Amino acid sequence: MGHVVLFHSVYGLRPAVLTAADRLRAAGHTVVTPDLYGEPAAETVEDGFALLRKIGQEAVLDRARYALREAPADAVLAGFSMGAGVAGAMLAERPDAAALLLLCGTGGEPETVRPGLPVQLHLGDPDEYDAEPEVEQWRRAMTEAGAELSVHRYPGVGHLYTDPDLPDHDPAAAARTWERAIAFLADR
């Protein structure tokens, strides 16, 4: 099984991220969940954005790089929401990544995609942070760049629908997401 580096959302390293990592470990993967903030997780999305502003995007990316220093070159890059963006940003520096698993947000730039890179996206439909036109443009660009892209949309769910401690939580959509993600990672 593979090595997965799982980046948290703008909320910070919440229990739901650790539970997700345990779920992936139970499927046979080695999983690392770096704390990109170095501070307690936020209680609200507004507080999460305030933490991000305080720490700064560049510091967050530097912490992601630091977390990846011990990971194998072919580690799967994964993340929730903001963490999906971080995972996608790290792809430019990790060209041998086995896959990109994006939960509740898009990530990755087409110019950093190697042909055949497996990419899986799970996203609410609609999603308040990833508008449909931008998702479609991203999907088209990633596919044209050669990504083996699979997109799974979940109608009527909130943005962070996989987190049972948030109002967005949707148990059925979350269960389906984990089934699909575990199947996706099975060959990585």
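Small disclaimer: the values here were computed from a predicted structure and weren't measured. All values below were derived from every heavy atom in this structure, side-chain atoms included, with hydrogens, water molecules and symmetry-related copies excluded.
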Which atom names give the shortest non-hydrogen contact between [X] and [Y], and what distance separates them?
X: Val151; Y: Arg139; result: CG2-CG, 4.2 Å
X: Val86; Y: Ala64; result: CG1-CB, 3.6 Å
X: Met142; Y: Gly107; result: CE-O, 4.0 Å
X: Ala71; Y: Val5; result: CB-CG2, 4.0 Å
X: Ala92; Y: Pro95; result: O-CD, 4.4 Å
X: Gly79; Y: Ala87; result: N-CB, 4.3 Å

Test side-chain contact (heavy atoms from CB on, under 4.5 Å) applied to Leu101 and Leu185, step by step: CA-CA 9 Å; Leu101 175 61; Leu185 293 174; 4.0 Å; yes
Near-ring test Tyr154/Tyr161, centroid separation under 6.0 angstrom: yes
Tell me if a side-chain donor or acceptor on [X] pairs with a main-chain N or O of [Y] at a distance below 3.5 Å.
X: Arg153; Y: Gly124; value: yes
X: Arg94; Y: Leu68; value: yes
X: Trp178; Y: Thr162; value: no
X: Asp168; Y: Gly158; value: no
X: His29; Y: Gly2; value: yes
X: His8; Y: Leu36; value: yes

Does [X] reach the side chain of [Y], with side-chain heavy atoms less than 4.5 Å apart?
X: Trp138; Y: Thr143; result: no
X: Leu52; Y: Met82; result: yes
X: Glu39; Y: Lys54; result: yes
X: Arg180; Y: His122; result: yes
X: Leu100; Y: Gln120; result: no
X: Val32; Y: Phe7; result: no

If you measure from [atom1] on [X] to [atom2] on [Y], what distance do you get to the nearest 0.5 Å?
X: Ser9; Y: Leu166; atom1: OG; atom2: CG; value: 7.5 Å
X: Thr177; Y: Phe184; atom1: OG1; atom2: CZ; value: 13.0 Å
X: Leu6; Y: Leu18; atom1: CG; atom2: CG; value: 9.0 Å
X: Glu93; Y: Leu61; atom1: CD; atom2: CG; value: 8.0 Å
X: Asp125; Y: Leu123; atom1: CG; atom2: CG; value: 7.5 Å

Pair Arg65 + Glu58, salt bridge at N-O below 4.0 Å: yes
His159 versus Asp127, side-chain donor and acceptor atoms under 3.5 Å: yes
Flag for Thr19-Asp22: side-chain donor and acceptor within less than 3.5 Å: no
Heavy-atom neighbours of Gln137 CD exceed 12 at 6.0 Å: no
Over 12 foreign heavy atoms within 6.0 Å of CD, Glu148: yes
Val157 with Val135, same ILVMFWY side-chain cluster at under 4.5 Å: no
Audit row: Asp163, Val17, side-chain contact (heavy atoms from CB on, under 4.5 Å) steps and yes/no: CA-CA 8 Å; Asp163 189 327; Val17 178; over 6 Å; no
Six-ring centre of Tyr66, Arg63 cation under 6.0 angstrom, axis tolerance 45°: no
